[in-house]
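All chains are named by letter (A, B, ...) in the order of the sequence lines, taking the proteins before the strands, and each is independently numbered beginning at 1. Here the structure is a predicted model, which is why all the values come from computation and not from measurement.
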Amino acid sequence: MDNKLTYDLTYKDVVEILKIAEIPAMANLRLELEGLKLEVVFRESAAGDKPQVMDDAAATVAVSGVALKEGLKQDPLTITSGKNEVREQTGGVSVRAPLAGTFFRAPAPGAASFVEVGQTVRAGDKLGLIELMKLFTPVNSPCSGVVIEICANNQELVDCDKVLVVIEEEK
Amino acid sequence: MKKLRFLDETICQGQQNLWATRMKTESMLPIAPVMDDAGFYQICIMAPVSFESAAVYLHENPWDRLRLLRKLMPKTQLDFLVRGRNVVGWKRQPNDVVELFFKTLRKIGINSVKIFDGLNDYTNVEYHIKVAKELGFWVKVPLSYCVSPAHTDQYMADKARELVGLGVDSIVQSDPAGLLTPERVRTLIPAVRQAIGQEVELQFTTHDTTGLGNECTREAIRQDVDVVWTCSRPLAYKSSLPAPLDIMRIAQEEGRETELNEHCIREIDDWFRWVAYKEKRPIHERVKYDPQFHAQYAAHSIPGGMISNLESQLRNLGLEHRLQEVLEEAGRVRAELGYPVMVTPFSQFVGVQATLNVIEGERYKTVPDDIRLYGRGFYGKPIVPLDPNVLDRLVGDDPLIDPLEGMDEPILPRVRAEHGPFASDEELLMFLFLNPAMLADFNKNKKPITWDTVRSPLSTLIKEVAKRKDLSMVKVERGSLKLTFSR
């Protein structure tokens with residue numbers, strides 16, 4: 001701390017100054033507050049210049065004619081929806097996801113899948129797992145029969161009600 | 001009354017509560033020397049979530065972060081939170097892993113550990129306490145409060161007495177949901193203090209979630225607790241902890257001296273203000289107390305972060321209008337599951353089961369495996385017995401589980417044989433704590449930790465203004481400083 005320059009500027013000041021300089025002003029700024037004088041001159045911007053990046057605070061300043069979408073966050077997860085799915089298989093019993101989450105076909109990474117197409121299952125057999133907030137819910141077969149279709153991939157994000165497995169019920 | 005001491009949680013709980021645990025090491029190191037000078041009794045530098053977040057989301061080696069912080073904060077006691085049987089991560093670890101982890105922390109020079117169990121079931125962590133003490137750690141165990149018929153002053157006092165019997169150095173009266181009131185603190189702290197005696201260190205922490213954080217801390221200070229926890233102002237309040245300057249003022253009003261250096265605290269607050277701006281994180285005001293909100297929140301006690309999660313889940317199903325129903329159902333589920341402390345994983349259990357109950361229209365029709373295991377005793381003894389009908393739905397004919405079973409069987413030799421060789425114990429522990437996908441991600445993306453050793457508002461201003469191609473001139477006059485920047 002010995003040879004440091006001492007001055008009155010704090011990080012709080014820096015943040016305030018930068019925020020002010022981020023407000024999209026068409027005119028130059030000269031500001032005088034108690035203890036602080038600030039002058040900001042913007043360059044003449046050519047047509048087609050990219051708009052400056054704005055932080056959330058500055059984004060609330062209304063600028064006519066410009067819709068600012070910087071603050072919107074898009075959900076990066078795309079979820080396969082199951083609501084309007086129609087299964088055409090005759091005699092097929094659709095086993096649907098009881099809740100939204102990540103579908104796992106095997107009990108652990110690298111382990112064999114619970115079921116494969118063509119496999120015979122009994123009522124209550126585990127067909128897969130759905131993970132939600134780190135909790136795993138089993139997806140069990142509602143009937144005895146043969147797995148005729150597996151409709152979701154391992155680690156796929158599925159919506160509630162998405163058809164996961166189709167079973168041909170034994171007569 | 002004794003001098004009041006402070007434990008700092010800025011870079012641990014503060015960023016976990018408010019910044020999704022995304023604070024980079026480069027934001028911690030420049031201010032570390034000032035934190036070391038500030039007079040904190042202890043500084044918490046990592047917990048399971050920040051360990052994982054560093055490796056997986058920030059591409060940093062968490063062990064390096066620990067080493068660097070230790071180097072830059074040589075004088076202050078450094079602290080690490082351990083989540084009971086998980087230690088770090090989400091798998092239950094046997095005793096040999098617990099021992100190796102503590103030894104590794106000791107090698108880095110960590111002084112103190114907080115050993116946490118979400119059911120206050122201390123048989124789960126008896127081994128941890130024993131080993132940590134043998135290795136010379138200052139051992140702290142949190143005693144978690146929540147609102148329930150079970151959490152009486154007597155219950156808390158008995159639990160505290162149990163901890164003294166296990167030889168802990170410090171008991172932390174903690175309130176993770178921020179539900180304590182000053183009136184309750186007035187009876188609770190004396191009850192706990194009576195049970196543990198004057199010699200055992202008593203720490204206190206609460207969150208500002210319902211707006212009572214500072215006033216509860218004031219009451220605890222009046223009741224002569226030894227240590228209180230705070231977070232630097234930009235990472236304080238809302239679901240986080242009170243800020244140190246405010247608590248210093250309260251301590252002064254209550255006639256208790258502190259060891260904190262106000263100048264350093266202001267410098268730390270100022271630095272994190274800059275980090276908050278850079279990371280686009282809002283700085284929160286204190287929550288305004290609302291008795292109705294307090295009562296509603298007390299019933300379900302689901303943490304705010306999880307409520308947002310549940311809200312998104314419901315929105316995906318077009319059911320976001322049923323959030324209130326889910327929260328009310330959560331109140332019932334919480335009681336039926338024996339009032340676990342609403343932290344990971346139990347807050348998930350209550351939240352997810354309540355959501356399922358509402359979505360399916362039939363209660364406990366679908367039950368996640370982990371909740372069945374909880375019913376069978378896998379996580380330890382519940383705080384109160386589960387509702388017998390619900391227990392039946394969860395467990396059926398499945399046998400009860402002894403959570404300690406198998407914990408004294410070593411796994412390290414087998415892990416080394418099957419997955420080694422490991423370059424170090426640190427590498428081995430990382431293999432145990434992170435799942436394969438996370439570990440692969442870390443190994444692929446890890447970068448060395450770099451940081452700017454120059455901590456100067458002036459040079460920061462110049463750098464930032466220089467980036468702004470749209471500015472042709474900036475002139476600042478502040479006190480003795482006159483700065484002109486022009487292209």
Side-chain angles (χ1 to χ4, degrees), chain A residues 1 4-19 21-22 24 28 30 32 35-45 49-53 55-57 71 75 77 79 81 83 98-101 109-110 129-140 155 159-161, chain B residues 33 90 266-267 269-277 280 282 306 309-310 312-313 316-319 344-345 348-349 351-353 355-356 359-360 365-371 435-437 456-458 460-461 464-465 468-481 483-484 486-487:
Chain A
M1 302 266 179
K4 270 191 81 167
L5 285 172
T6 51
Y7 47 79
D8 286 331
L9 199 69
T10 62
Y11 279 111
K12 185 162 184 240
D13 296 329
V14 173
V15 170
E16 293 306 318
I17 293 166
L18 290 174
K19 278 186 177 167
E22 277 168 10
N28 298 323
R30 191 176 290 182
E32 244 181 80
L36 172 72
K37 276 197 195 131
L38 175 64
E39 195 176 336
V40 179
V41 176
F42 290 84
R43 252 174 61 208
E44 300 284 317
S45 67
D49 257 5
K50 276 204 302 229
Q52 56 208 148
V53 173
D55 75 353
D56 293 347
D75 190 335
L77 308 174
I79 299 185
S81 169
K83 286 198 206 38
L99 70 166
L129 297 169
I130 303 259
E131 180 260 325
L132 175 62
M133 288 194 271
K134 294 196 166 48
L135 296 192
F136 291 86
T137 303
V139 180
N140 296 327
Q155 297 206 49
D159 211 347
C160 183
D161 263 3
Chain B
W90 305 97
R266 287 188 185 279
E267 215 177 319
D269 283 355
D270 192 52
W271 165 256
F272 283 111
R273 212 170 270 277
W274 163 244
V275 181
Y277 170 79
K280 303 197 196 314
M306 170 162 277
N309 246 317
L310 293 178
S312 319
Q313 300 294 334
N316 287 335
L317 307 170
L319 295 176
T344 307
Q348 267 97 323
F349 294 176
V352 174
Q353 189 63 59
T355 307
L356 286 169
I359 290 176
E360 306 217 288
K365 177 172 169 206
T366 304
V367 179
D369 283 343
D370 284 301
I371 301 183
N435 70 39
S456 145
L458 181 57
T460 299
L461 179 62
E464 292 298 312
V465 165
R468 294 282 305 278
K469 306 294 183 209
D470 60 323
L471 298 177
S472 79
M473 200 264 291
V474 175
K475 213 179 198 179
V476 176
E477 263 181 57
R478 177 101 164 102
S480 59
L481 173 72
L483 167 71
T484 304
S486 62
R487 292 188 188 282

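- Put simply, of B:Val476, B:Leu310, B:Leu483, the one with the most heavy-atom pairs under 4.5 Å next to chain A is B:Val476.
- When each of B:Val465, B:Ile359, B:Thr484, B:Thr460 is scored by its heavy-atom pairs under 4.5 Å with chain A, the top score falls to B:Thr460.
- The heavy-atom pair separating A:Ala21 from B:Leu471 by the smallest distance is CB-CD1, 4.3 Å.
- Only the side chain of A:Leu129 comes within less than 4.5 Å of a heavy atom in chain B; its backbone stays farther off.
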For the pair A:Leu38 and B:Val474, evaluate side-chain contact (heavy atoms from CB on, under 4.5 Å) and give the outcome as yes or no after the intermediate values.
CA-CA 7 Å; A:Leu38 175 64; B:Val474 175; 4.2 Å; yes
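- Listed options B:Glu360, B:Lys365, B:Glu464, B:Lys469 were ranked by heavy-atom pairs under 4.5 angstrom with chain A; first place goes to B:Lys469.
- Nearest heavy atom pair, residue A:Pro138 against residue B:Pro368, reads CD-CA, 4.5 Å.
- A donor-acceptor pair under 3.5 Å links the side-chain atoms of B:Asp270 to the main chain of A:Lys12, judged by distance alone.
- Heavy-atom neighbours of A:Arg30 CZ from other residues, nucleotides or ligands within 6.0 Å: at or below the threshold of 12.
- The candidate from A:Thr137, A:Asn140, A:Val15, A:Val41 with the greatest count of non-hydrogen atom pairs under 4.5 Å with chain B is A:Val41.
- Of all the heavy atoms in B:Arg468 and A:Leu18, the pair that sits closest is NH1-O, 4.3 Å.
- With chain B as partner, the option from A:Ile17, A:Ile130, A:Leu36, A:Thr10 having the largest number of non-hydrogen pairs under 4.5 angstrom is A:Thr10.
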